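For clarity, every value in this text was computed on a predicted model and none was experimentally measured. For this chain, numbers begin at 1 and follow the sequence in order. Worth knowing before you read on, the calculation uses all heavy atoms, side chains too, and leaves out hydrogens, waters and symmetry mates.
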Amino acid sequence: NNRIHVLDHAGTETNILTVKKANLEIQNLTFTHDGQHLLFIAAVLKPIDEKLKWSKCKAEKRLVAFNVVTGEIESQSPIMNTARNVTIGKEGKCALVSYEDRHPPELWEVSVSDEGTLKMSLHYACEVDQPVVFTGDSYFG
């Protein structure tokens, strides 16, 4: 189901958002500070093009920017691993994506274009030379 139930701090439902693309399964999300956009992690459930055949590999995951006002997906980027959490930075200019299975976190730059659409670009992927175990969610310190 691609419905997002928005709750206030008291737990009262204030809105229901619907993502119009039915081929995505939303797994983790966060609002931007202005409340106009959502960033969420989603798994692609079936190919967009009906001519393509779905393989037996793991479902593709994507980081998706969704406009709450228009109800449209503005941008999306594939991610390689199974994400655990997405967090927006204090100033709203970056997002931190943490992964399961001990994969290192990624820092994504988040910007609003002149047209008001949210754009994302991979800014930094943590690569380490020594064996390190990444566990739990990553947070800005």
Does the side chain of [Y] come within less than 4.5 Å of [X]'s, by heavy atoms?
X      : Y     : answer
Leu96  : Val86 : no
Gln27  : Lys61 : yes
Glu109 : Cys94 : no
Arg62  : Val44 : yes
Asn85  : Val97 : no

Between atom [atom1] of [X] and atom [atom2] of [Y], what is the distance when rounded to the nearest 0.5 Å?
X     : Y     : atom1 : atom2 : result
Asn28 : Ser98 : CG    : OG    : 8.0 Å
Thr70 : Gln36 : OG1   : CD    : 9.5 Å
Thr32 : Leu39 : OG1   : CG    : 7.0 Å
Leu38 : Phe66 : CG    : CZ    : 6.5 Å
Phe40 : Ile4  : CZ    : CD1   : 5.5 Å

Give a yes or no on this: more than 12 heavy atoms of other residues, nucleotides or ligands lie within 6.0 Å of atom CD of Glu13. yes
Does the pair Phe31 and Val68 meet the rule for a side chain to side chain contact (heavy atoms under 4.5 Å, CB included), with working shown? CA-CA 9 Å; Phe31 276 94; Val68 174; 3.8 Å; yes
Nearest heavy-atom neighbours spanning Ile79 and Ala83: CD1-CB, 4.0 Å
Between Ser77 and Met120, which heavy-atom pair has the shortest distance, and what is it? N-CE, 4.2 Å
Verify side chain to side chain contact (heavy atoms under 4.5 Å, CB included) between His33 and Ile88, making sure each step is shown before the conclusion. CA-CA 8 Å; His33 296 303; Ile88 296 282; 3.5 Å; yes
For side chain to side chain contact (heavy atoms under 4.5 Å, CB included), just list the numbers for Val6 and Leu17, CA-CA rounded to whole Å, side-chain angles, deciding distance to a tenth of an Å, and then say yes or no. CA-CA 8 Å; Val6 181; Leu17 306 172; 3.9 Å; yes
Using a 3.5 Å distance criterion without hydrogens, assess whether the side chain of His37 forms a donor-acceptor pair with backbone atoms of Val69. no
Please check: side-chain N/O of Ser75 versus main-chain N/O of Leu118, any donor-acceptor pairing under 3.5 Å? yes
Classify the side-chain pair Glu72/Asn67 by whether it contains a donor and acceptor separated by less than 3.5 Å. no
Worked check of side-chain hydrogen bond (donor to acceptor under 3.5 Å, both in side chains) between Thr117 and Glu115: CA-CA 6 Å; Thr117 60; Glu115 298 84 31; 4.6 Å; no
